[in-house]
J.: 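Take this structure first; my questions come after.
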Amino acid sequence: MKVLMIKLFQRFQRILQYLFYSILSTILDVIVVWIAFHMAGVDLAVANTMGIITGFLLSYVLSVKTVFDTRHDISAFAVYLSTSAVGMLLADGLIVTAYELSIPYCPKHFAFLLSKGVSVVLPFFLMYFMRKYLYLWLNKRRSLI
């Protein structure tokens, strides 16, 4: 059983690292959104965008080398930024939709947490696989030059 667990960990090590870094980034993201939306009265989509940008910067610094095995340069940043833009648009749409759908049924703070959770899960997987394949392509292209 222990050997099986080690093999599973080794097989999924990169996505687990990405998950850990994403959790850290998401914690920072949620704190920023919570403060902006609940304390500063910023529009939910704008607050969510502020949180995503803050989390993006932390995630980029932590994961580009260790998860995606590429160097910090303009090309790597462009891949991370473009995939984050796709993820942010999806997350903004999801958070607003989930919030609007849940607010009639639950308290405002719970509706926020529920909608924020929804806006994190789908973009997490989408961005991981987009980044994984774009960085593989980028690294292959670099090796040809």
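All figures in this text were calculated on a predicted structure; none of them were measured in a lab. Hydrogens, waters and symmetry mates are skipped; everything else that's a heavy atom, side chains included, is used.
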J.: Does either side chain, that of Arg131 or that of Ser84, offer a donor lying less than 3.5 Å from an acceptor on the other one?
T.: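 Indeed, the side chains of Arg131 and Ser84 share at least one donor-acceptor pair under 3.5 Å.
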J.: Under 4.5 Å between side-chain heavy atoms, hopping through other hydrophobics if needed: is there a path connecting Ile15 to Phe9?
T.: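 In one cluster: yes.
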J.: Check the pair Tyr18 / Lys132 against side-chain contact (heavy atoms from CB on, under 4.5 Å), numbers first and verdict last.
T.: CA-CA 11 Å; Tyr18 182 73; Lys132 176 180 176 179; over 6 Å; no
J.: Considering all heavy atoms of both residues, which atom of Met50 and which atom of Ala36 are nearest to each other, and what is their separation?
T.: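 So the minimum-distance heavy-atom pair works out to CE-CB, 4.0 Å.
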J.: Are side-chain heavy atoms of Thr54 and Asp29 found at a separation under 4.5 Å?
T.: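 No, every pair of side-chain atoms sits at 4.5 Å or beyond.
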J.: Indicate whether any N or O donor in one side chain lies under 3.5 Å from an N or O acceptor in the other, for Thr49 and Asp92.
T.: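 Judged by distance alone, the side chains do pair up.
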J.: For Asp69, does its backbone N or O pair with a side-chain atom of Asn139 as donor and acceptor, under 3.5 Å?
T.: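 A pair under 3.5 Å: yes.
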J.: Same hydrophobic cluster for Val46 and Ile53, using side-chain heavy-atom links shorter than 4.5 Å among ILVMFWY?
T.: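 No, no single cluster joins them.
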J.: Treat each ILVMFWY residue as a node, draw an edge where side-chain heavy atoms are under 4.5 Å apart, and state whether Tyr99 and Ile35 are in one component.
T.: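 In one cluster with Tyr99: Ile35, no.
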J.: Is it possible for you to say whether Met127 and Leu16 belong to one hydrophobic cluster, with membership spreading through side-chain heavy-atom contacts below 4.5 Å?
T.: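 Same cluster.
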J.: Who are the side chain to side chain contact (heavy atoms under 4.5 Å, CB included) partners of Leu8, not counting sequence neighbours?
T.: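 If we apply the side chain to side chain contact (heavy atoms under 4.5 Å, CB included) test to Leu8, skipping adjacent residues, the hits are Leu4, Phe12.
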J.: How far does CG of Leu101 sit from CD1 of Ile103, to the nearest 0.5 angstrom?
T.: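 One finds 11.0 Å between CG of Leu101 and CD1 of Ile103.
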J.: What is the minimum heavy-atom distance between Tyr21 and Thr66, and which atoms define it?
T.: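 The pair with the smallest heavy-atom distance is CE1-OG1, 3.1 Å.
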J.: Is the backbone N or O of Lys116 less than 3.5 Å from a side-chain atom of Ser119, with the two atoms forming a donor-acceptor pair by type?
T.: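 Checking the backbone N and O of Lys116 against the side chain of Ser119, a donor-acceptor pair under 3.5 Å is found.
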J.: What heavy-atom pair brings Ala76 and Leu138 nearest, and what distance separates the two atoms?
T.: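 Scanning both residues completely, I find the closest heavy atoms to be N-CD2, 4.0 Å.
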J.: Any heavy-atom pair between the side chains of Val67 and Tyr128 that's under 4.5 Å?
T.: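 They are in side-chain contact.
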J.: Begin from the C-alpha positions of Val33 and Phe112 and carry the test side-chain contact (heavy atoms from CB on, under 4.5 Å) through to its verdict.
T.: CA-CA 10 Å; Val33 177; Phe112 165 76; 3.4 Å; yes
J.: With rounding to the nearest 0.5 angstrom, report the CG to OG distance, Leu134 to Ser75.
T.: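 Spacing of CG (Leu134) from OG (Ser75) equals 11.5 Å.
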J.: Under a single-linkage definition using a 4.5 Å side-chain heavy-atom cutoff for Ile, Leu, Val, Met, Phe, Trp and Tyr, are Ile27 and Leu57 assigned to the same hydrophobic cluster?
T.: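 Result: yes, single cluster for both.
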J.: Say you draw a straight line from OG1 of Thr83 to OH of Tyr60; how long is it, rounded to the nearest 0.5 Å?
T.: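 Rounded to the nearest 0.5 Å, the OG1-OH separation comes out at 11.0 Å.
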J.: Test question: given the 4.5 Å side-chain rule for I, L, V, M, F, W and Y, name all other residues clustered with Met130, or answer none.
T.: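 Traced through the cluster, Met130 reaches Val86, Leu90, Leu94, Val118, Leu122, Leu126.
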J.: Can you confirm whether the side chains of Tyr80 and Ser63 place a donor and an acceptor under 3.5 Å from each other?
T.: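 Yes - a donor-acceptor pair under 3.5 Å links their side chains.
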J.: Keeping the roles fixed (side chain from Thr26, backbone from Ser22), state whether a donor-acceptor pair exists under 3.5 Å.
T.: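 The answer is yes, because a donor-acceptor pair under 3.5 Å joins these two groups.
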J.: Kindly determine whether Phe68 and Val79 satisfy side-chain contact (heavy atoms from CB on, under 4.5 Å), including the steps that lead there.
T.: CA-CA 11 Å; Phe68 299 110; Val79 166; over 6 Å; no
J.: Are Phe56 and Met88 packed together at the side-chain level, in the sense that at least one heavy-atom pair is separated by less than 4.5 angstrom?
T.: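 No, every pair of side-chain atoms sits at 4.5 Å or beyond.
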J.: Does the structure place the NZ or CZ of Lys108 under 6.0 Å from the centre of the six-membered ring of Phe37, at an angle of no more than 45° from the ring's axis?
T.: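 Yes.
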J.: Please step through side-chain contact (heavy atoms from CB on, under 4.5 Å) for the pair Ile23 and Leu19, ending with a clear verdict.
T.: CA-CA 6 Å; Ile23 289 169; Leu19 176 63; 4.0 Å; yes
J.: Once you round to the nearest 0.5 Å, how far does CG of Leu44 lie from OG of Ser115?
T.: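 Nearest 0.5 Å value for the CG-OG distance: 6.0 Å.
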J.: Could you give the distance from NZ (Lys65) to NE2 (His72), rounded to the nearest 0.5 Å?
T.: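 Rounded to the nearest 0.5 Å, the NZ-NE2 separation comes to 5.0 Å.
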J.: Ring centroid separation for Phe129 and Phe124, is it under 6.0 angstrom?
T.: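 Ring centroids of Phe129 and Phe124 are no less than 6.0 Å from each other.
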